[in-house]
Amino acid sequence: MQKKLRVGVLGATGMVGQRFIQILHNHSWFDIEVIAASPANAGKTYEEAVSGRWLLDESIPENVKNLKLHSVDDVKGIADKVDFVFSAVNLTKEEIKAIEEEYAKTETPVVSNNSAHRWTPDVPMIIPEINPEHAEIIHAQRKRLGTSRGFIAVKPNCSIQSYAPAFAAWKEYEPYEAIVTTYQAISGAGKNFSTWPEMVGNVIPYIGGEEEKSEKEPLRIFGHIEGNEIVPANEPVISAQCVRIPVLYGHTAAAFVKFRKAPESKEELIAKLNGFKSLPAELGLPCAPSQFIKYFEEDNRPQVALDVNYENGMGVTIGRLRQDTIYDWKFIGLSHNTLRGAAGGAVECAELLVKQGYIEAK
């Protein structure tokens, strides 16, 4: 890419917004042109706005510290300065829907980490390695919005990335039923142990709205385009439980799955995981892992302390694959929730949309 695209980050002060800043500050395709947050923070430098609440281990990037924050409500002012925006705003679902569409109608593509538009029929929800073809629905969305280049694309819930990739790798065996329990890091709630000390040594067996997302969003990922909408798949039918555990980064899944077509062996299933080919890797996208899925033979892997940063946090690790007495097979999966599952996944999605021609310079 000869000239970098100008990027805006909406909701730049929250945990996901901070992760966007950390990923983008030296990105080879994108330059941070505008950062925005609530009207109360408008005019402050980024360093001032996140003082005392910078949540990442990495320091605030030097080239972003002195950028002045805009108000996310200044839609036209921001749109005039950027080629597209990432959205991580902290508003109500209806407010998010409205403001993301408002940006799109200024002919500014929106790549969102938010859940508000995940079930809008003509908004693609993309894991670039699994369903890059869903971007084609953008043509229908643009007709509805009355735009020529503006649109909204979203990434799915962070926790499904610890098990849905395995189902995608095993597509030919037709997985039709699954039980999944996810053990989710506290950063998924936008917190660390300093801001949520009651999580130290604690487990909370409930995350609001998470189980429905865990059951339904993979079906939209595995769905297909029909007319002007994405039609979710009917299978695999998933039953989920979601638990918050005292880990900073990394969502772990314990999954049980039934197949219509039986694989010949465990080795065959492992080969499908390790050999999974993805379009992002073929295209050489900057954030794409060279190997999307890695299987560990050791009984005590994957584990957060050793494996959460596999492929710079953009890969998925699987282990403990074995036959089950009730279901056909069971396994453990792990993914980094703020990289693969949130900001990193959104940045990779934007990279894919650039390569596909949906995002370009204004």
Applying side chain to side chain donor-acceptor pair (under 3.5 Å), which residue pairs with at least one partner in residues 254-263 are found, sequence neighbours left out? Glu174-Lys261, Glu235-Arg260

Would you mind reporting whether [Y] and [X] have side-chain heavy atoms less than 4.5 Å apart?
{"X": "Lys277", "Y": "Phe292", "value": "no"}
{"X": "Asp307", "Y": "Arg301", "value": "yes"}
{"X": "Asp80", "Y": "Lys76", "value": "yes"}
{"X": "Leu279", "Y": "Pro128", "value": "no"}
{"X": "Thr13", "Y": "Gln18", "value": "no"}
{"X": "Cys242", "Y": "Ser214", "value": "yes"}
{"X": "Tyr103", "Y": "Ile78", "value": "yes"}

State which residues pass ring pair (Phe, Tyr, Trp, His ring centres under 6.0 Å) with His336; sequence neighbours excluded, sorted by chain then number. Tyr249

Suppose we screen for ring pair (Phe, Tyr, Trp, His ring centres under 6.0 Å). Which residues come up paired with Trp54, at least two apart in sequence or across chains? none

Can a donor-acceptor pair be found between the side chains of [X] and [Y] at a distance below 3.5 Å?
{"X": "Tyr206", "Y": "Glu211", "answer": "no"}
{"X": "Asn337", "Y": "Gln184", "answer": "no"}
{"X": "Ser290", "Y": "Glu311", "answer": "yes"}
{"X": "Arg340", "Y": "Ser335", "answer": "no"}
{"X": "Arg19", "Y": "Gln22", "answer": "yes"}
{"X": "Glu62", "Y": "His25", "answer": "no"}
{"X": "Asn66", "Y": "Glu47", "answer": "no"}
{"X": "Asn192", "Y": "Thr195", "answer": "yes"}

What residues, two or more places apart in sequence or in another chain, satisfy side-chain contact (heavy atoms from CB on, under 4.5 Å) together with Ala116? Lys93, Ile96, Lys97

Are [X] and [Y] in one and the same hydrophobic cluster, where Ile, Leu, Val, Met, Phe, Trp and Tyr link if side-chain heavy atoms are under 4.5 Å apart?
{"X": "Phe30", "Y": "Leu283", "value": "yes"}
{"X": "Met125", "Y": "Val16", "value": "no"}
{"X": "Val72", "Y": "Val50", "value": "no"}
{"X": "Leu352", "Y": "Val85", "value": "no"}
{"X": "Phe331", "Y": "Leu269", "value": "yes"}

Is the Lys NZ or Arg CZ of Lys294 less than 6.0 Å from the centre of Phe296's six-membered ring, within 45° of the axis? yes

Please confirm whether Lys272 makes a cation-pi placement over Trp170, using NZ or CZ under 6.0 Å from the six-membered ring centre and within 45° of the ring normal. no

Is the number of heavy atoms from other residues, nucleotides or ligands under 6.0 Å of [X] [atom1] greater than 12?
{"X": "Asn312", "atom1": "CG", "result": "no"}
{"X": "Lys65", "atom1": "NZ", "result": "yes"}
{"X": "Asn228", "atom1": "CG", "result": "no"}
{"X": "Glu58", "atom1": "CD", "result": "yes"}
{"X": "Lys216", "atom1": "NZ", "result": "no"}

Sidechain-backbone polar pair: Glu177 side chain, Val257 backbone, donor-acceptor under 3.5 Å: no

Are any side-chain N or O atoms of Glu95 and backbone N or O atoms of Leu91, one a donor and one an acceptor, separated by less than 3.5 Å? no

Measure the [atom1]-[atom2] distance between [X] and [Y] for me, rounded to the nearest 0.5 Å.
{"X": "Glu133", "Y": "Gln356", "atom1": "CD", "atom2": "CD", "answer": "9.0 Å"}
{"X": "Thr182", "Y": "Ile160", "atom1": "OG1", "atom2": "CD1", "answer": "11.0 Å"}
{"X": "Leu10", "Y": "Ile99", "atom1": "CG", "atom2": "CD1", "answer": "7.0 Å"}

Before accepting this row, confirm whether a basic side-chain N of the pair Lys330/Asp324 lies closer than 4.0 Å to the acidic partner's carboxylate O. yes

Can you tell whether the side chains of Glu297 and Arg320 come within less than 4.0 Å, N to carboxylate O? no

Other than Ile137, which residues form its hydrophobic cluster under the rule that side-chain heavy atoms must be closer than 4.5 Å? Ile225, Ile230

What verdict does the salt bridge (charged side-chain N to carboxylate O under 4.0 Å, His left out) test give for Arg149 and Glu360, after you've listed the backbone C-alpha separation in whole Å, the side-chain angles of each residue and the deciding distance to 0.1 Å? CA-CA 9 Å; Arg149 74 184 299 281; Glu360 53 192 1; 5.3 Å; no

Strictly by ring-ring contact (aromatic ring centres under 6.0 Å, His included), give each pair with a member in residues 121-160 just once, sequence neighbours left out. His139-Tyr358

How close do Phe259 and Asp328 get, counting heavy atoms only, and between which atoms? N-OD2, 2.7 Å

